[in-house]
Amino acid sequence: MPLIDRQALQTHFGERVRFDEPLSRHTSFRIGGPADAWIEVHTPEDIRVIQLLARETGLPVFVLGGGTNLLVSDRGVRGIVLHLGRPLGEIQWQPNGVGWHVQAGAAVPFKRLVTETIHRALTGLEFAEGIPGSLGGGLLMNAGAFGGEISNVVEWIDGVDASGEIRRVPRSELKFSYRHFDIEPGFVVTAMQFLLQTSEPDAVVARRDDAKRRRASKQPLGYPNAGSVFKNPAGHFAGRLIESSGLKGRQIGGAMISPEHGNFIVNVGNARAADVRALMQVATETVWQQHQVRLEPEIKLVGDWSE
């Protein structure tokens, strides 16, 4: 692993760079070892500087948004962890006759955008009520629920590629699939634009409330978690498969398969990433043995798993 030039990073980013930063402070699981270098970026130009440095030195770069939908190794993340700061969290609204073009920074909290679109009686994102994390993270996993997906309303994305070029990528070049966005390696998304349609205010609120009710009735509350652990296999629901395998409440260390929903693993107290990973393995093997259905992770395993 190439050495990090700490002085060069501090010269450019000042107090926005931290070394050996515990990532447990920045994940919804409250789990994760240290980042070699944690840098808060405010502009695409900041990201360009980091991309060029990484290209010259061979340092890996990982983007950490809201810290949801991922499990960071107990050993942490080598290289640079890039975090999008508040200046990349703005929203702009532009009417187009039948609806609105909504341009939003990748750091915008998903919940904030949903709330503001509902206030304007715009339809297309009601499904996302209650989805945690940032828009950038939601885009990368093609976040969806109750028949809706973020890919249905995206018009373009802005970002910085691995060579340091600042680019806009149109919808025709974006490739989405179930809970996946096929993004080019090293591309850091900074903003995106949605096309949303106007609708009857009461209808938009009703759809939002329905999504909120359905999510609240199923998801565990009170313990740190990373959202759904596994993708739903074709023709099945991961949570039901795990429940019917008798795994609700199974615990390893400080991690437990939620008694409320089989597709959630919760941190009930000082859980390690290794505990969560071990529970994921138990669920995968047991469901396969009992149902001959292969579970695939929805959460991303991030960092140094060399152990």
Side-chain angles (χ1 to χ4, degrees), residues 27-29 31-32 62-74 77 110 127-128 130-133 136-152 174-185 187 189 214-215 218-220 224-252 255-258 260-267 271-307:
T27 67
S28 61
F29 245 144
I31 293 172
F62 174 70
V63 181
L64 181 61
T68 61
N69 198 51
L70 52 81
L71 176 65
V72 176
S73 163
D74 298 313
V77 178
F110 220 142
F127 72 87
I131 292 181
L139 179 79
L140 294 180
M141 66 170 290
N142 189 19
F146 315 126
E149 290 183 336
I150 195 171
S151 60
N152 294 337
L174 303 180
K175 299 178 181 179
F176 293 95
S177 57
Y178 174 61
R179 299 298 176 268
H180 179 73
F181 173 37
D182 189 15
I183 191 169
E184 69 178 74
F187 191 90
V189 178
R214 294 168 69 180
R215 193 176 301 278
K218 297 179 180 180
Q219 295 192 358
N225 65 81
S228 296
V229 174
F230 298 101
K231 300 176 183 178
N232 286 324
H236 300 276
F237 292 99
R240 292 179 185 174
L241 290 169
I242 293 168
E243 177 180 1
S244 65
S245 299
L247 294 175
K248 275 188 170 183
R250 177 71 64 89
Q251 185 168 344
I252 295 178
M256 180 174 65
I257 296 177
S258 172
E260 298 175 309
H261 194 305
N263 201 19
F264 281 73
I265 293 177
V266 295
N267 181 354
R272 299 178 305 128
D275 299 334
V276 176
R277 193 180 189 189
L279 270 182
M280 292 174 65
Q281 187 66 27
V282 168
T284 300
E285 293 176 354
T286 305
V287 168
W288 174 252
Q289 291 169 359
Q290 296 195 19
H291 302 282
Q292 288 72 57
V293 177
R294 186 70 66 189
L295 294 178
E296 295 183 11
E298 182 169 319
I299 64 172
K300 301 181 186 302
L301 272 62
V302 174
D304 179 1
W305 295 91
S306 58
E307 73 274 18

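Counting from 1, the numbers follow the sequence of the chain as shown.
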### Set of side-chain contact (heavy atoms from CB on, under 4.5 Å) partners for N263, sequence neighbours left out
S228, V229, F230, A238, I242, H261
### Qualifying residues under side-chain hydrogen bond (donor to acceptor under 3.5 Å, both in side chains), relative to Q281, sequence neighbours excluded
E285
### Query
Run the side chain to side chain contact (heavy atoms under 4.5 Å, CB included) check on W288 and V293 step by step: do they pass?
CA-CA 5 Å; W288 174 252; V293 177; 5.5 Å; no
### Message
Suppose we screen for salt bridge (charged side-chain N to carboxylate O under 4.0 Å, His left out). Which residues come up paired with R250, at least two apart in sequence or across chains?
### Response
none
### Message
E184: which residues meet the side-chain hydrogen bond (donor to acceptor under 3.5 Å, both in side chains) condition with it, sequence neighbours left out?
### Response
R167
### Query
Hey, what do you get for CG (L71) to CD1 (I299), rounding to the nearest 0.5 Å?
5.0 Å
### From CA spacing to verdict: side chain to side chain contact (heavy atoms under 4.5 Å, CB included), N232, H236
CA-CA 6 Å; N232 286 324; H236 300 276; over 6 Å; no
### Query
H180 and L140: side chain to side chain contact (heavy atoms under 4.5 Å, CB included), yes or no, with the steps?
CA-CA 6 Å; H180 179 73; L140 294 180; over 6 Å; no
### Message
Going by the rule side-chain hydrogen bond (donor to acceptor under 3.5 Å, both in side chains), which residues pair with H291 if we only count those two or more places apart in sequence or in a different chain?
### Response
S244, S245
### Task
For the pair Y178 and K231, evaluate side chain to side chain contact (heavy atoms under 4.5 Å, CB included) and give the outcome as yes or no after the intermediate values.
CA-CA 9 Å; Y178 174 61; K231 300 176 183 178; 3.7 Å; yes
### Task
Taking all non-hydrogen atoms of both residues into account, name the closest pair between A128 and F110 and its distance.
CB-CE2, 3.4 Å
### Task
Check side-chain contact (heavy atoms from CB on, under 4.5 Å) between A271 and all other residues, then give those that pass, not counting sequence neighbours.
I31, A255, N267, D275
### Summary
Across all chains, not counting sequence neighbours, the side-chain contact (heavy atoms from CB on, under 4.5 Å) partners of T27 are F29, L70, V72
### Query
Can you list the residues that meet the side-chain hydrogen bond (donor to acceptor under 3.5 Å, both in side chains) rule with E243, with sequence neighbours excluded?
none
### Task
Mind checking side-chain contact (heavy atoms from CB on, under 4.5 Å) for N142 and listing every partner two or more places apart, or none if nothing turns up?
E149, I150, S151, F176
